Amino acid sequence: MTQSVPSVSVAPDGQPGNLMVDARSVQKHFGALQVLKGITLQVKPREVMCLVGPSGSGKSTFLRCINHLEKVTAGRLYVDGELVGYEERGHKLHELHPKRAAAQRRDIGMVFQRFNLFPHMNALDNVIEAPMMVKGEKKSAAIERGRALLDQVGLASKEKAYPAQLSGGQQQRVAIARALAMQPKLMLFDEPTSALDPELVGEVLDVMRNLASEGMTMIVVTHEMGFAREVGDHLVFMDAGVVVEAGPPREVLANPQHERTKAFLSKVL
């Protein structure tokens, strides 16, 4: 099994050029277990990349490495030209102070499988909490944007509802609004519809489609192949910690080149 290595856009100083995400031979070990075995891929601004593959292939771990929720064991990860979680001094990498790493993370929104809303806060308070506490926004400004975001995800009438009063799809849409409230330049989605009842999946995917149409750069771990075909600019199939196949979604889904990709798609399409 070989890893697909796309071309890398590099500026004269060796830094990534015109890339929102630039992963170079990224590895991740958990003790003796190697989960990522050298992931190399790039995402340009305004692009949507969909990561697909069987459970345990390393998709979610890679997503968590992008915003330094997991530390990369080897290789390098850049977001918008900035090395994630580390700085280079004398050709050696030194981990950033937690405050500097957290500052990087503020620019990256992440939506998880489970909604992780604060159960004691209503929808609007969930959305405005981080901008006020992390970025120091005035409450009036945070509320104004929070209401606009809830309207954007179709929940303007639910701002006073608590998570327990919302469906799973509504909770996930609040979680998306909460991530957007930090005004991120990159959005990461880790199987955002996998915990939802089938009839609620569409309402979340519609919000994600709208984000893509507005130019949000997105990396989406998903099993929703219709969404990947319709919205994605790139489809990456991962298995056993490597990129097996990558390309335009319609091409990969219609005519996969690798036997492992063919076997996986035969079970999900």
Side-chain angles (χ1 to χ4, degrees), residues 48 50-52 55 59-60 63-64 66-67 69 102 105-228 230-232:
V48 177
C50 294
L51 301 181
V52 304
S55 297
K59 307 182 302 296
S60 295
L63 217 61
R64 292 172 66 84
I66 292 174
N67 64 357
L69 290 176
R105 199 175 292 124
R106 286 202 298 262
D107 293 328
I108 304 172
M110 188 156 183
V111 178
F112 300 89
Q113 297 179 36
R114 297 291 175 179
F115 326 120
N116 297 332
L117 299 178
F118 296 117
H120 62 289
M121 293 183 179
N122 64 33
L124 181 60
D125 286 341
N126 264 281
V127 173
I128 69 175
E129 177 75 3
M132 291 194 305
M133 298 300 293
V134 177
K135 299 178 73 173
E137 283 191 12
K138 292 183 178 179
K139 187 172 183 178
S140 59
I143 287 175
E144 183 178 359
R145 185 185 304 111
R147 285 176 170 157
L149 288 169
L150 286 174
D151 183 51
Q152 182 178 336
V153 300
L155 293 174
S157 64
K158 298 292 186 180
E159 69 170 65
K160 294 187 182 299
Y162 288 83
Q165 298 170 312
L166 300 172
S167 70
Q170 290 171 333
Q171 290 185 63
Q172 191 62 294
R173 284 186 280 157
V174 172
I176 294 172
R178 179 181 60 181
L180 292 172
M182 292 293 285
Q183 300 176 286
K185 54 191 174 186
L186 170 67
M187 285 285 286
L188 309 176
F189 293 86
D190 189 6
E191 299 192 43
T193 61
S194 64
L196 301 179
D197 293 333
E199 65 269 21
L200 302 178
V201 169
E203 63 190 50
V204 173
L205 293 181
D206 284 344
V207 171
M208 296 170 64
R209 286 188 186 94
N210 290 336
L211 285 177
S213 69
E214 293 167 0
M216 176 60 74
T217 310
M218 300 161 56
I219 302 180
V220 184
V221 173
T222 185
H223 293 293
E224 301 292 337
M225 298 301 165
F227 174 86
E230 174 190 350
V231 181

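Model, not experiment: these values are computed from the prediction. All values below were derived from every heavy atom in this structure, side-chain atoms included, with hydrogens, water molecules and symmetry-related copies excluded.
Contact between P163 and F118 at its shortest, heavy atoms only, is CG-O, 3.6 Å. When all heavy atoms of L200 and G169 are compared, the closest pair comes out as CD1-N, 3.7 Å. Residues A179 and P184 approach most closely at O-CD, 3.4 Å, considering heavy atoms. Smallest separation of non-hydrogen atoms from V127 and G146: CG1-CA, 3.8 Å. A142 and M132 get closest at one heavy-atom pair: CB-CG, 3.7 Å. Of all heavy-atom pairs spanning V48 and A212, the tightest one is CG2-CB, 3.7 Å.
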Would you please test L124 and I143 for side chain to side chain contact (heavy atoms under 4.5 Å, CB included) and show each step?
CA-CA 7 Å; L124 181 60; I143 287 175; 4.2 Å; yes

Start with the C-alpha gap between Q170 and F115, add the side-chain angles, then the distance that decides, and say whether side chain to side chain contact (heavy atoms under 4.5 Å, CB included) holds.
CA-CA 10 Å; Q170 290 171 333; F115 326 120; over 6 Å; no

Please test V231 against V220 for side chain to side chain contact (heavy atoms under 4.5 Å, CB included), starting from the C-alpha separation and ending with a verdict.
CA-CA 11 Å; V231 181; V220 184; over 6 Å; no

Using the rule given for side chain to side chain contact (heavy atoms under 4.5 Å, CB included), can you reason through T193 versus Q172, listing the C-alpha separation, both sets of side-chain angles and the distance that settles it, and then say yes or no?
CA-CA 8 Å; T193 61; Q172 191 62 294; over 6 Å; no

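N122 places a side-chain N or O within 3.5 Å of a backbone atom of D125 that can act as its donor or acceptor partner. The closest donor-acceptor contact from the side chain of R178 to the backbone of N126 lies at 3.5 Å or more, if one exists at all.
The salt bridge (Lys or Arg N to Asp or Glu O under 4.0 Å) analysis of residues 218-228, with sequence neighbours excluded, yields no pairs.
Annotation: the span from R173 atom CZ to E203 atom CD amounts to 4.0 Å, rounded to 0.5 Å. To the nearest 0.5 Å, the span separating CE on M218 from CE on M208 amounts to 4.5 Å. Rounded to the nearest 0.5 Å, atoms CE (M187) and CE (M110) are 10.5 Å apart. Going from atom OH of Y162 over to atom CG of L117 covers 13.0 Å, rounded to the nearest 0.5 Å. In this structure, CD in E159 is found 12.5 Å from CG in L149, a value given to the nearest 0.5 Å. In this structure, CD in Q171 is found 10.5 Å from CD in Q165, a value given to the nearest 0.5 Å.
K139 NZ: 12 or fewer foreign heavy atoms inside a 6.0 Å radius.
By the 4.5 Å heavy-atom criterion applied to side chains, M182 and P131 are counted as neighbours. Counting heavy atoms from C-beta outward, R145 and Q183 have side chains that approach closer than 4.5 Å. At least one side-chain heavy atom of L150 sits less than 4.5 Å from a side-chain heavy atom of V174.
Considering only residues two or more places apart in sequence or on other chains, E230 meets the salt bridge (charged side-chain N to carboxylate O under 4.0 Å, His left out) condition with R209.
The only member of I176, N210, L180 that meets side-chain contact (heavy atoms from CB on, under 4.5 Å) when paired with Q152 is L180. Under the side-chain contact (heavy atoms from CB on, under 4.5 Å) test applied with L188, the options T217, I219, L51 reduce to a single match, I219.
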